[in-house]
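Contents: one structure, followed by commentary.
What you see below is based on every heavy atom in this structure, not just the backbone, and it leaves out hydrogens, waters and symmetry mates. We name chains A, B, ... by the order of the sequence lines, and we start the count at 1 in each one. Just so we're clear, the structure is a prediction, and the values are computed from it rather than from any experiment.
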Protein chains: 2
Amino acid sequence: MQRRQLLDELVSKGIRLTSQRRAVISVIQEAKSHLDAGSLLDLARRLEPSLDRATVYRTIGLLKKLRLIDELDLMHLEGEKHYYEVRTEGDHIHLACFGCGMIQEFTSPLFDRLKEEITRTAGFEIRVARLELGGFCPKCSSRHRGEEEEKTKTSVKH
Amino acid sequence: MQRRQLLDELVSKGIRLTSQRRAVISVIQEAKSHLDAGSLLDLARRLEPSLDRATVYRTIGLLKKLRLIDELDLMHLEGEKHYYEVRTEGDHIHLACFGCGMIQEFTSPLFDRLKEEITRTAGFEIRVARLELGGFCPKCSSRHRGEEEEKTKTSVKH
DNA sequence: TTAAATGCAAATCGTTTGCATCTGT
DNA sequence: ACAGATGCAAACGATTTGCATTTAA
């Protein structure tokens, strides 16, 4: 369900719908992982082969402006790309594993309380909240511990 | 006090100290605002005119690897630059105003509790925590409200 | 002395732009 | 019909790289 979220939002806002936009939107909507502009282009081209990267970036810009998608950095795990995801009701946290590259999402009422606190005590009107944590997932955490200790001992090099 | 933090850390780790590194480090250490690589280069060149941008980036990379500085995006308020700051004891939150570009720092025990919760329930070993909020500071918030309403009414254009 | 750091110039990567053409409404 | 969206190619800004040379320890 809620498959056409983005599309419907655009229609209701009277935004012009081109086949290119439909393609990009459909890909973002169905995506199972966080996509960067490049993969977005590749995937959307299967639906609309003429699609150009400029159009992808322009569509991303449009969706960002309308606050229908969120832009993530995911701790710059692989270069300086940006990643996109459909904006959801409550903000969530992204955990990025330096070991295996895994991205895990996390939600917590504490996060909402923290944001409330900021709104209240700093008088800041939050529009976008991005909490990203870099570190090691349970699997990589143990594997990683060994290497780390070596490094700390002397100055690199075993 | 604690003026030589970074320098001392490097010395104690047996890292080779060049005049270029001293210059970059001294600039980061004394900085009153968040600096990007470009401004860092400009400022450090006053101390070490021969300094090249490659060296600045390499030094930043070194300090990041040693976890002596943190890298920020500051909601990409002006392009895709990165900003740097000396790593402090407790993590803090950055509030970036879309209106005037102001950056405000914010700390809260709730943030630490949230991180603890993540460590505990997700088993994730946090190395870097970056919480950035984009929105409007108190001043810009009121100024901004008017414009926003117009936009929402029809599809852009007055 | 020598492994590591530097400057320089060129390359790379993600993203943006100007402009002639096309298309949704 | 025409404002707005597109493709194309070139430009862009931030960052990285290879390599010959210099330097800290």
Any A:Thr18 side-chain nitrogen or oxygen under 4.0 Å from OP1 or OP2 of D:dT6: yes
Interatomic distance where CD belongs to B:Glu48 and C1' belongs to D:dA24 [whole Å]: 14 Å
Residue whose closest nucleotide on DNA chain D lies nearer the 5' end, B:Arg16 versus A:Arg16: A:Arg16
Distance in angstrom units between B:Leu10 CG and D:dA24 C1', rounded: 14 Å
Side chain of B:Arg58 (C-beta onward), nearest among C:dG24, C:dT6, D:dG7: C:dT6
Distance test, side-chain N/O of B:Tyr57 to OP1/OP2 of D:dT15, below 4.0 Å: yes
A:Gln20 vs D:dG7: side-chain N/O to OP1/OP2 distance below 4.0 Å: yes
Between B:Gln104 and B:His92, a side-chain donor and acceptor under 3.5 Å: no
Closest to the B:Ala54 side chain, choosing from D:dA5, C:dA9, C:dA4: C:dA9
Nearest atoms (heavy-atom pairs only) where B:Ser39 meets B:Leu35: CB-CD2, 4.3 Å
Length of the line joining B:His82:NE2 and C:dC13:C1', which is rounded to integer Å: 13 Å
Sugar-phosphate, base or nothing in reach of B:Arg21, heavy atoms under 4.0 Å: sugar-phosphate
Between P of C:dG14 and OH of A:Tyr84, the distance in whole Å: 12 Å
Any A:Thr55 side-chain N or O less than 4.0 Å from OP1/OP2 of D:dG7: yes
Test: A:Lys81 cationic atom under 6.0 Å from A:Tyr83 six-membered ring centre, within 45° of axis: no
Interatomic distance where CG belongs to A:Asp73 and P belongs to D:dT15 [whole Å]: 12 Å
Out of D:dA14, D:dA24, C:dG7, whichever nucleotide has its closest atom nearest the side chain of B:Leu51: C:dG7
Interatomic distance, B:Lys81 NZ vs D:dG13 P [rounded to whole Å]: 10 Å
Passing option when A:Lys64 is tested against A:Thr59, A:Ile69, A:Asp70 for side chain to side chain contact (heavy atoms under 4.5 Å, CB included): A:Ile69
Proximal nucleotide (of C:dG7, D:dT15, C:dG24) relative to the B:Arg53 side chain: D:dT15
Pairwise 5' ranking along DNA chain C for B:Leu62 and B:Glu80, keeping only the more 5' one: B:Leu62
Side chains of A:Asp73 and B:His76, donor plus acceptor under 3.5 Å: yes
Most 5' of B:Leu17 and A:Ser50 on DNA chain D, judged by nearest nucleotide: A:Ser50
Distance, rounded to the nearest Å, where A:Leu41 contributes CG and D:dC8 contributes P: 11 Å
Atom-pair distance (CD on A:Glu71; P on C:dT15), nearest Å: 8 Å
